[in-house]
Amino acid sequence: MYRKSLKIKNIEIKNRIAIPPMVCFNWTDDSGYVVQKNVDHYRELAEGGAGLIIVEATAITKRGRLADTELGLWEDNQIEGFKEIVDNAHKNGAKIFIQLVHAGGNGSADDAEGPSSYTNFRGITCSEMTKERIEVTCKDFAAAALRAKAAGFDGVELHGCHGYLISEFFNSRVNKRIDEYGRDKALFAKEVITSVREAVGDEYILGIRIGAFEPLLEDGLDHAKAISDMVDFMDVSYGGDCDGSSPEGYPCSEAVYGASCIKNELPNMPVFGVHNINSKEDVINALNTGIDMADIGKASLVDPAFANHIMNGEPEGHCLHCKNFCRWNPREMANPELKCPGAMKLIAQNL
């Protein structure tokens, strides 16, 4: 089943394995420009056989970054660096999207802003966005999407989960507004989508990463249905401040369960699922829930050729959840000599 192609609008993805967006902290600098390490990373993933790659969360504006060492598409000169990433994907038969993000109240800026004022996990109190700032931010999303299109990406994914700006507007525990953006928690997402669609055109692929639980499953389902006629795919994960659960004995993560629920509500929508899909068996279990695409995150960092390995019946790498010992952990990124036990185990299997 994971060998089957998937068509989204005008493109055909060669298999049901996707690389989800995973930020590589501390690779770039304050400029947000692509560096050679980014190019090499995505080339290796493209060579690994996944049908789709979604490039890591990329800031639409410097003020809206989730970290000071995050890739950006807030100025035209940043476009060039992404072109080689796109070319390498296409040379290897992969389609490639990019995730666009505004971090909102959980951003790195001292003047971070969200739908309502609150103190974020960094201890910084963000301010409530004015309607003027909302309008500007919609335009920032549109401008970044146009740059992504100019770089050659096959589509864009809006970051609408994990507690960043669109997610914050969705979430009733964070969005305490009493105006129209509080009454309709999906309104901001609708306006962002509309702005981007007007910029990139009807034929360009536009999707969203959305929280199945935002904060509860019933809310996530309502949000998905509210924007279902505006996007071309939904990449489903967890919300921000949320409660996720799945039935006892369910063979996949809560996020995959949430994705399958959205797929049941929206049977014609291409739906991706993520979290703890770490082996060939996990891929099969996830796709058996009815979702259309399995996002292979940490296992692809351990084994960039994960897709090729399961396609060829070869041993695939598994993430061993080493946490602080992980070379991809932001706190450990500065140590390039740190080895990945999962990758070492894979190498040993293939000796």
Side-chain angles (χ1 to χ4, degrees), residues 21 23 25 28-32 56-75 78 99-145 147 157-196 199 208-211 213-216 219-220 222-223 226-227 237-243 330:
V23 175
F25 293 97
T28 187
D29 55 22
D30 187 65
S31 71
E56 64 200 80
T58 300
I60 62 165
T61 176
K62 202 165 187 177
R63 182 180 183 181
R65 293 180 296 180
L66 58 89
D68 293 341
T69 58
E70 179 186 6
L71 292 176
L73 267 176
W74 60 76
E75 62 185 42
Q78 291 167 321
Q99 185 184 76
L100 301 178
V101 65
H102 187 299
N106 281 314
S108 62
D110 289 338
D111 58 351
E113 53 193 359
S116 305
S117 178
Y118 74 98
T119 301
N120 68 20
F121 68 91
R122 292 183 173 88
I124 298 172
T125 300
C126 68
S127 59
E128 180 174 300
M129 259 189 161
T130 64
K131 291 184 179 180
E132 291 75 18
R133 285 292 305 144
I134 289 173
E135 183 178 352
V136 168
T137 301
C138 289
K139 291 177 181 177
D140 288 336
F141 268 106
R147 294 184 187 106
E157 174 182 280
L158 305 176
H159 199 338
C161 57
H162 301 169
Y164 298 121
L165 186 60
I166 297 174
S167 170
E168 290 176 316
F169 270 92
F170 276 140
N171 196 303
S172 59
R173 295 177 182 171
V174 180
N175 182 354
K176 302 296 186 182
R177 299 175 76 105
I178 59 174
D179 62 4
E180 62 268 37
Y181 294 97
R183 292 189 295 271
D184 178 0
K185 298 294 192 293
L187 178 59
F188 177 67
K190 293 174 188 175
E191 292 185 346
V192 171
I193 294 166
T194 297
S195 185
V196 172
I208 188 168
R209 200 166 205 199
I210 191 169
F213 311 94
E214 193 73 271
L216 305 177
D219 302 305
D222 285 344
H223 302 150
I227 60 173
S237 186
Y238 295 96
D241 183 352
C242 67
D243 297 327

Heavy-atom closest contact ([X] atom, [Y] atom, distance):
X      : Y      : result
Cys126 : Ser116 : SG-O, 3.6 Å
Ser108 : Asp68  : OG-OD1, 2.9 Å
Ala57  : Pro21  : N-CB, 4.1 Å
Phe25  : Ala67  : CE2-CB, 3.6 Å
Gly105 : Ala112 : O-CB, 4.0 Å
Ala189 : Phe170 : CB-CZ, 3.5 Å

* Could you please spell out the steps behind the side chain to side chain contact (heavy atoms under 4.5 Å, CB included) verdict for Glu191 and Thr194? => CA-CA 5 Å; Glu191 292 185 346; Thr194 297; 5.6 Å; no
* Given the rule in the side chain to side chain contact (heavy atoms under 4.5 Å, CB included) test, do Leu71 and Glu56 qualify, once you have shown the distances and angles that lead to the verdict? -> CA-CA 8 Å; Leu71 292 176; Glu56 64 200 80; 3.7 Å; yes
Does [X] have any side-chain hydrogen bond (donor to acceptor under 3.5 Å, both in side chains) partners at least two apart in sequence or in another chain, and if so, which?
X      : result
Asp179 : Arg177
Thr125 : Thr119
Thr69  : Asn26
Ser237 : His162

* Indicate yes or no for a side-chain donor-acceptor contact from Arg183 to the backbone of Ile178 under 3.5 Å, with no hydrogens or angles considered. => yes
* **Asn171 side chain to Glu168 backbone, donor-acceptor under 3.5 Å** => no
* Asked: Can you name the residues that form a side-chain contact (heavy atoms from CB on, under 4.5 Å) with Ala226, not counting sequence neighbours?
  ->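 Expected list: Ala186, Lys190.
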Sequence-distant partners of [X], salt bridge (charged side-chain N to carboxylate O under 4.0 Å, His left out), two or more places apart:
X      : value
Lys176 : none
Arg63  : Asp111, Glu113
Glu75  : none
Lys185 : none

* Decide, yes or no, whether a salt bridge links Glu135 with Lys139 under the criterion of side-chain N to carboxylate O below 4.0 Å. => yes
In the structure I gave you, are the side-chain heavy atoms of [X] and [Y] within less than 4.5 Å of one another anywhere?
X      : Y      : value
Val101 : Thr58  : no
Ile60  : Thr137 : yes
Pro115 : Val174 : yes
Asp30  : Arg65  : yes
Leu66  : Tyr164 : yes
His102 : Ile166 : no
Pro215 : Asp243 : no
Thr130 : Ile134 : no

Please identify each residue that fulfils ring-ring contact (aromatic ring centres under 6.0 Å, His included) with [X], with sequence neighbours left out.
X      : answer
Phe213 : none
Tyr118 : none
Phe188 : Phe169

* **Interatomic spacing from CG in Asn175 to CE in Met129 - rounded to 0.5 Å** =>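 If I round to the nearest 0.5 Å, the distance is 12.0 Å.
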* Asked: To the nearest 0.5 Å, what is the distance between CG (Leu100) and CG (Asp140)?
  ->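 These two atoms lie 11.0 Å from each other.
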* Verdict with reasoning, Gln78 to Arg147, per side chain to side chain contact (heavy atoms under 4.5 Å, CB included) -> CA-CA 8 Å; Gln78 291 167 321; Arg147 294 184 187 106; 5.6 Å; no
* Ile210 vs His159, side chain to side chain contact (heavy atoms under 4.5 Å, CB included): CA-CA, chis, key distance, verdict -> CA-CA 7 Å; Ile210 191 169; His159 199 338; over 6 Å; no
* Take atom CG of Asp29 as the centre, draw a 6.0 Å sphere, and report whether it contains more than 12 heavy atoms from other residues, nucleotides or ligands. => yes
* Is it true that the side chains of Ser167 and Glu214 contain a donor and an acceptor less than 3.5 Å apart? ->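 On atom types as modelled, these side chains qualify, holding a pair under 3.5 Å.
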